[in-house]
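Labels below follow one simple rule: chain letters A, B, ... track the order of the sequence lines, proteins then strands, and each chain is numbered from 1.
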2 protein chains.
Amino acid sequence: MLARNEADLLARARALEGEPIDRLAARLGVASPGAGARTKGKLGALLERALGATGGARRTWDFPELRIELKTVPLDSRGAPRESTFVCTVSLDDADRAEWATSWARAKLGRVLWIPVCGAPGGARTIGHPLLWSPTPAQDQGLGLDFEEIMGQVGIGDVEGTTARAGQWLQLRPKAAHGRVRTVTHGREGTLVETVPRGFYLRARFTAAILRDPAAVPVLAPAGASLGGP
Amino acid sequence: MLARNEADLLARARALEGEPIDRLAARLGVASPGAGARTKGKLGALLERALGATGGARRTWDFPELRIELKTVPLDSRGAPRESTFVCTVSLDDADRAEWATSWARAKLGRVLWIPVCGAPGGARTIGHPLLWSPTPAQDQGLGLDFEEIMGQVGIGDVEGTTARAGQWLQLRPKAAHGRVRTVTHGREGTLVETVPRGFYLRARFTAAILRDPAAVPVLAPAGASLGGP
DNA sequence: TAGGATCCACTGGTGGATCCGT
DNA sequence: ACGGATCCACCAGTGGATCCTA
């Protein structure tokens, strides 16, 4: 059941290509992820099961021995990601000391098994062509710049001033199960402030680019069209 | 339902005196705490409900506005506590910086509503005479000495060398739902060691003494009889 | 007898993504 | 179209005491 190495894992992922989500769910004996607000996250859980990801331990990878993260990426009818991709939650209070090189975000993105899923939620969805990806040096550097920009602002205590507009590829967004969840961190004067928890996300257009070309270095204009790789 | 002040809370607790546990459970529409390993903790939960304790928020008191902690203390046929009383879990890694004055243990013990319960688990148990207690200066000082002794040893990295034999009134004991639960802290050489989580407990003979005389300063010989207060 | 081990309920936080108003 | 808000599953940790041997 468990993948012993990368090649094995990728092979097993690719063996799922073309399979309808509903059929996969039936094979595993679980309810199929339906439509509506009540099924957020079900799709990811299904694919974790299908590939034997270790659902238990947190602050680790989906496949700890392989240091590989599994990311399910829903595609629209044109084959582009419907949404941004969650990376990890951010420890706001350590922001001033945080470095990209040793960050949890970088560890998570170091090796990713992307599994596209085609079709609208609630409709007939099928598994696309899986891809095992690591950032190229150029991609790693770009992600690092976004990281430093964002954590720099948080680090000086300006959490409330952050917006999802910062970062070319990586962005910071609220991450809370309920709107009223609050966490505490240090504000601009060093005083404690309550704020909403945040997480890092990959912009959908970045994910779109690397699914087309794993080595792409997309330039994402603030409000313009995406300029793909080579 | 909620007690507005100490007098109100104590009055409501004393209104329960003499009531059989089974009847109290029936009144609240919950299952009565039976016998056996499967009902640990049920008794405490029952009395929390009966008095409207805020079961939700942790790292706080049972009655947060009043800063009062509720402690259910089962008595044997002679009216003495059957067991030691759990106070709080210990943050092993902060032990070297910990001070009694600002400790969570001291905050918990600052004001305690003791509710004795008479009778053997599984048998006919009834609620005894509740007592609202704060440590006298002498008691506070004695508890502080135990705290410093224990945390001192932990603070120099000798967690594994600790034993429940240390401390006259307050002792350190393992606290883990399963024997295999481990936590990580710094050992003697500053290296990380895995160990079992610990908690502070009040010795049964200390609790026995203050239930008899709230201002008692019992001297508990290592293996001798307890010498009560005045 | 009491030190060390263990059991249950509950929930806050994390990880999985998707919703939805502007 | 996307920034901000939200939903569910799940598990580890906490808080409630009691069990169980040597």
Side-chain angles (χ1 to χ4, degrees), chain A residues 33 35-48 53 55-60 62 69-74 80-89 108 117 120-122 162-166 171-181 183 196-199 201 203-205 223, chain B residues 33 35-48 53 55-60 62 69-74 81-89 108 117 120-122 162-166 171-181 183 196-199 201 203-205 222-223:
Chain A
R38 302 309 169 84
T39 63
K40 298 179 180 179
K42 297 267 175 78
L43 179 58
L46 177 63
L47 282 156
E48 286 177 352
R58 270 66 207 276
R59 280 284 157 181
T60 185
D62 289 312
E69 185 71 12
L70 173 62
K71 288 295 176 199
T72 306
V73 47
R82 296 179 177 279
E83 304 279 355
S84 53
T85 300
F86 174 67
V87 178
C88 62
T89 55
K108 284 270 194 178
V117 173
T162 60
T163 166
R165 290 176 186 83
Q171 61 178 174
L172 191 70
R173 299 237 304 278
K175 180 74 166 98
H178 314 292
R180 62 178 173 279
V181 169
T183 189
V196 62
R198 318 287 165 122
Y201 292 77
R203 291 185 184 277
R205 283 178 296 162
Chain B
R38 302 309 169 85
T39 64
K40 297 179 180 177
K42 296 266 175 77
L43 179 58
L46 177 64
L47 282 157
E48 286 177 349
R58 269 66 207 275
R59 281 284 158 182
T60 186
D62 290 313
E69 185 71 12
L70 173 63
K71 288 296 177 197
T72 307
V73 49
R82 296 178 175 279
E83 305 277 355
S84 54
T85 300
F86 174 67
V87 178
C88 62
T89 54
K108 285 269 194 178
V117 173
T162 60
T163 166
R165 288 174 188 85
Q171 62 178 171
L172 191 70
R173 299 236 303 281
K175 179 75 167 99
H178 314 291
R180 62 178 172 280
V181 169
T183 189
V196 62
R198 318 287 164 120
Y201 292 77
R203 291 185 184 278
R205 283 178 296 161

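Residue Gly41(A) is in base contact, counting any heavy-atom pair closer than 4.0 Å across all strands shown. Residue contacts shown for Thr39(B) are absent, as no nucleic acid heavy atom lies under 4.0 Å away. Residue contacts shown for Pro197(A) are absent, as no nucleic acid heavy atom lies under 4.0 Å away. In this structure, Ala204(B) reaches neither bases nor backbone, as no heavy-atom distance under 4.0 Å exists between it and the strands shown. Across all strands shown, Gly36(B) has heavy atoms under 4.0 Å from sugar-phosphate atoms exclusively, and none from any base. At the heavy-atom level, Ala45(A) lies nowhere under 4.0 Å from the strands shown. Heavy atoms of Arg82(A) sit nowhere under 4.0 angstrom from any nucleic acid atom.
Phosphate proximity of dG16(D) to Lys71(B): present, with a side-chain N or O under 4.0 Å from OP1 or OP2. OP1 or OP2 of dG16(C) has not a single side-chain nitrogen or oxygen of Thr72(A) nearer than 4.0 Å.
With dG16(C), dG3(C), dA17(D) as the choices, the nucleotide that has an atom nearest any side-chain atom of Arg203(B) turns out to be dG3(C). When the nucleotides dC2(D), dG3(C), dG16(D) are ranked by their closest atom to the side chain of Lys108(B), dG16(D) comes out on top.
With hydrogens and angles left out, the side-chain atoms of Arg173(A) and Ser84(A) include a donor and acceptor closer than 3.5 Å.
Gln171(B) contributes a side-chain N or O that, together with a main-chain N or O of Ala164(B), makes up a donor-acceptor pair within less than 3.5 Å. Panel note: side chain Arg198(A), backbone Val196(A); a donor-acceptor pair is recorded below 3.5 Å. Remark: side-chain polar atoms of Asp62(B) are paired, donor with acceptor, to backbone N or O of Leu70(B) under 3.5 angstrom. Side-chain atoms of Lys175(A) do not come within 3.5 Å of backbone N or O of Cys88(A) as any donor-acceptor pair.
Between Glu48(B) atom CD and dT14(D) atom P there is a gap of 17 Å when expressed in whole angstrom units. Atom-to-atom, CD of Gln171(B) to C1' of dG4(C) comes out at 10 Å; the value is rounded to the nearest Å. One can place CZ of Phe86(A) at 15 Å from P of dG13(C), the figure rounded to the nearest angstrom. The distance from atom CG of Leu172(A) to atom P of dA5(D) is 12 Å, rounded to the nearest whole Å. Note: CZ (Arg198(B)) to P (dG15(D)) measures 17 Å, nearest angstrom. The nearest whole Å value for the distance from the CG atom in Leu47(B) to the P atom in dG16(D) is 12 Å. Atom P of nucleotide dT14(D) and atom CG of Asp62(B) are separated by 17 Å, given to the nearest angstrom. Summarising the geometry, the separation between CZ on Arg38(A) and C1' on dA17(C) is reported as 16 Å, rounded to the nearest angstrom.
At a cut-off of 3.5 angstrom, the base of dG4(C) holds at least one donor-acceptor pair with the side chain of Arg173(B). A donor N or O paired with an acceptor N or O is not found under 3.5 Å between the base of dA2(C) and the side-chain atoms of Tyr201(B). The base of dC2(D) has none of its N or O atoms less than 3.5 Å from a complementary donor or acceptor on the side chain of Glu83(A). Looking at Lys40(A), its side chain comes within 3.5 Å of the base of dT6(D) through a donor and an acceptor atom. For Lys175(A) against dG16(C), a side-chain-to-base donor-acceptor contact under 3.5 Å is present.
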- Check against side-chain contact (heavy atoms from CB on, under 4.5 Å), Val117(A) and Leu47(A): CA-CA 10 Å; Val117(A) 173; Leu47(A) 282 156; 4.0 Å; yes
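Projected onto DNA chain D by closest heavy-atom contact, Thr85(B) and Ala164(A) fall at different nucleotides, the more 5' of which corresponds to Ala164(A).
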